[in-house]
J.: 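Below you'll find the structure I mean.
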There are 2 protein chains.
Amino acid sequence: MALNVGELCLGVLTMSDATGYEIKKLFEEGHFSHFIAASYGSIYPALQSLMKQELVTCRQESQEKRPDKKIYSITPEGRNAFQRALNKDLAPDTFRSESLFVMMFAHLMPLAQVSKLIDGRLAFFDQAIALFGSDECSSEEDGLLANSNWERSGADYARGLGLAVYTAEAAYLRANRHMLEALAIQPSSEAAE
Amino acid sequence: MALNVGELCLGVLTMSDATGYEIKKLFEEGHFSHFIAASYGSIYPALQSLMKQELVTCRQESQEKRPDKKIYSITPEGRNAFQRALNKDLAPDTFRSESLFVMMFAHLMPLAQVSKLIDGRLAFFDQAIALFGSDECSSEEDGLLANSNWERSGADYARGLGLAVYTAEAAYLRANRHMLEALAIQPSSEAAE
DNA sequence: GGTTGCATGTAAATGGTTACATGATTGT
DNA sequence: ACAATCATGTAACCATTTACATGCAACC
């Protein structure tokens, strides 16, 4: 239960052939980056294991001065396996935020630290919002996964959701940062109540 | 870098004495539940290790027919250690959502499955919203952590944020579910485009 | 009679990530 | 010069989770 890295890769491969390197990029910068993660150390072995199970095939593309590109394609059995995986009990969504945890202890931090933390988060939100809102994301660099209808829809859905969530979060933080900052240890008034 | 379970426990203990059991409950149901997680298998050993480092003390409370309660208290050194920890490089927030990933593949799923998935998420959001919005959360069962000023503020902050985020997410999903459902494999029309 | 809540704890398994090794190319 | 991008891969390490062991009380 819960999807493993191999299944995540299969999902990507239902959309388009890809190398391990490209899959990683998709996880960390592409459509999936805000809710899925995996490292090379798990992707490459997973791809090898998918090969053994014949859920993917691989064609090698020689490049002059780089390692051969291994371009993986999903097989019909792979598609079936993936569709079965979509039926599995999914791991519940998890959100882990040490920043938020730390903010619960604003009263133990100097004001400067609290403000810095808030500014950092705000910067992150704004950057994400800018990215989601821009066409750079909607029109995409037409490389991997920027064609057919469904994926546009799927990607748009995720993008819109990200936009909605980050916008809400940023607005909330902007509206309430004063509260957090008021709790912090104020400079040059060491006698907290 | 990045907070470990011991530091999370220290944080809880700055607020109030607690047993391992209570800390776990706080992580899974209490104020921290939506952005922090840890299991008994990590909490109990962490508490033991904090004891060895003398960052916490422990008083044992005998109970007739249950294991002794071990109530931990943070020491001054523990407070220092925690304040130092608040300065560490924090792990970036992570959001992991297999549901969202799966929804990107709505076009590979029967409509019923997609709808079920959506309903499940909506139910989850609504439940969370109800919880955050209710006084059950604001007035709290006055047990652990329901007194002094700061924690009210910290908790209120987290609560408001949760409310804002889940509300945005639920609204977005409600507004866009038709899109996802339109992508799904429609019943009794097996000839997809 | 079965599940949930209270309460602590440990050992094994897990499923990763981190860090390394390799190496040319392009940009700063 | 130095970093980043491209590209693959492995092995050691790791912090947790999972599952188990124990056991009574209360609820349904």
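Residue numbers start from 1 in every chain, and the chains themselves are labelled A, B, ... in the order their sequence lines are given, proteins ahead of strands.
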J.: How long is the line joining CD1 of Ile23(B) and P of dC6(C), in whole Å?
T.: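 The distance from CD1 of Ile23(B) to P of dC6(C) comes to 15 Å, rounded to the nearest Å.
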J.: Hey, does the side chain of Ser42(A) come within less than 4.0 Å of dT17(C)'s phosphate (OP1/OP2), counting only N and O?
T.: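 Yes, because at least one side-chain N or O of Ser42(A) sits under 4.0 Å from OP1 or OP2 of dT17(C).
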J.: Name the residue closer to the 5' end of DNA chain C, choosing between Gly41(B) and Ala38(A) according to the nucleotide with the nearest heavy atom.
T.: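 The residue whose closest nucleotide sits nearer the 5' end is Gly41(B).
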J.: When the distance from OH of Tyr44(B) to P of dT10(C) is rounded to whole Å, what number comes out?
T.: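 Rounded to whole Å, this separation is 11 Å.
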J.: Using whole Å, what does the distance between atom P of nucleotide dT17(C) and atom CZ of Phe27(A) come to?
T.: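 In whole Å, dT17(C) P and Phe27(A) CZ are 10 Å from each other.
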J.: Between Gln48(A) and Lys69(A), which is nearer to the 5' end of DNA chain D once each is assigned its nearest nucleotide?
T.: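 First, find each residue's nearest nucleotide; the 5'-ward one identifies Lys69(A).
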J.: With heavy atoms of chain A within less than 4.0 Å as the criterion, where does contact along DNA chain D begin and end?
T.: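 Going 5' to 3' along DNA chain D, contacts run dT5(D) to dT10(D).
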J.: Would you mind reading off the distance between Ile36(A) atom CD1 and dG15(C) atom P, rounded to a whole angstrom?
T.: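 One finds 16 Å between P of dG15(C) and CD1 of Ile36(A), rounded.
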J.: Given atom CG of Leu8(A) and atom C1' of dG16(C), what is their separation to the nearest angstrom?
T.: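 In whole Å, dG16(C) C1' lies 13 Å from Leu8(A) CG.
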J.: Rounding to a whole Å, what distance do you find between Glu28(B):CD and dT4(C):P?
T.: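 Spelled out: CD on Glu28(B) to P on dT4(C) is 13 Å.
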J.: Determine the minimum heavy-atom distance between Leu3(B) and Lys88(B), stating which atoms define it.
T.: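 Reported closest heavy-atom pair: CD2-CE, 4.2 Å.
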J.: Would you find more than 12 non-hydrogen atoms of other residues, nucleotides or ligands less than 6.0 Å from Glu77(A) atom CD?
T.: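 Counting neighbours around CD of Glu77(A), more than 12 heavy atoms of other residues, nucleotides or ligands fall under 6.0 Å, so yes.
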J.: Extract all donor-acceptor atom pairs below 3.5 Å that involve side chains of residues 34-46 of chain B and protein atoms in other chains or at least two apart in sequence.
T.:
residue	atom	partner	partner atom	Å
His34(B)	ND1	Tyr166(B)	OH	3.0
Ser42(B)	OG	Ser39(B)	N	3.3
Ser42(B)	OG	Ser39(B)	O	2.9

J.: Measure from NZ on Lys24(A) to P on dG16(C) and round the result to the nearest Å.
T.: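 My rounded result for the distance is 14 Å.
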J.: Report whether Met179(B) and Leu111(B) are members of the same hydrophobic cluster (ILVMFWY, side-chain heavy atoms less than 4.5 Å apart, transitive linking).
T.: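 As far as the 4.5 Å side-chain criterion goes, Leu111(B) and Met179(B) are not connected within one cluster.
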J.: In terms of heavy-atom contacts, does NZ of Lys116(A) have more than 12 from other residues, nucleotides or ligands at under 6.0 Å?
T.: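 Counting neighbours around NZ of Lys116(A), 12 or fewer heavy atoms of other residues, nucleotides or ligands fall under 6.0 Å, so no.
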J.: Donor-acceptor pair, Glu61(A) side chain versus Lys69(A) backbone, under 3.5 Å?
T.: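 Looks like no, no N/O pair under 3.5 Å.
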J.: I need the CZ-P distance between Arg96(B) and dG16(C), as an integer number of Å.
T.: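 Checked: the CZ to P distance equals 7 Å.
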J.: Got more than 12 heavy atoms from elsewhere within 6.0 Å of CD, Glu28(B)?
T.: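 Check passes, neighbour count above 12.
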J.: With a 4.0 Å cutoff (strictly under), does any side-chain N or O of Tyr21(B) reach OP1 or OP2 of dT8(C)?
T.: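 So the side chain of Tyr21(B) is outside the cut-off, no N or O lying under 4.0 Å from OP1 or OP2 of dT8(C).
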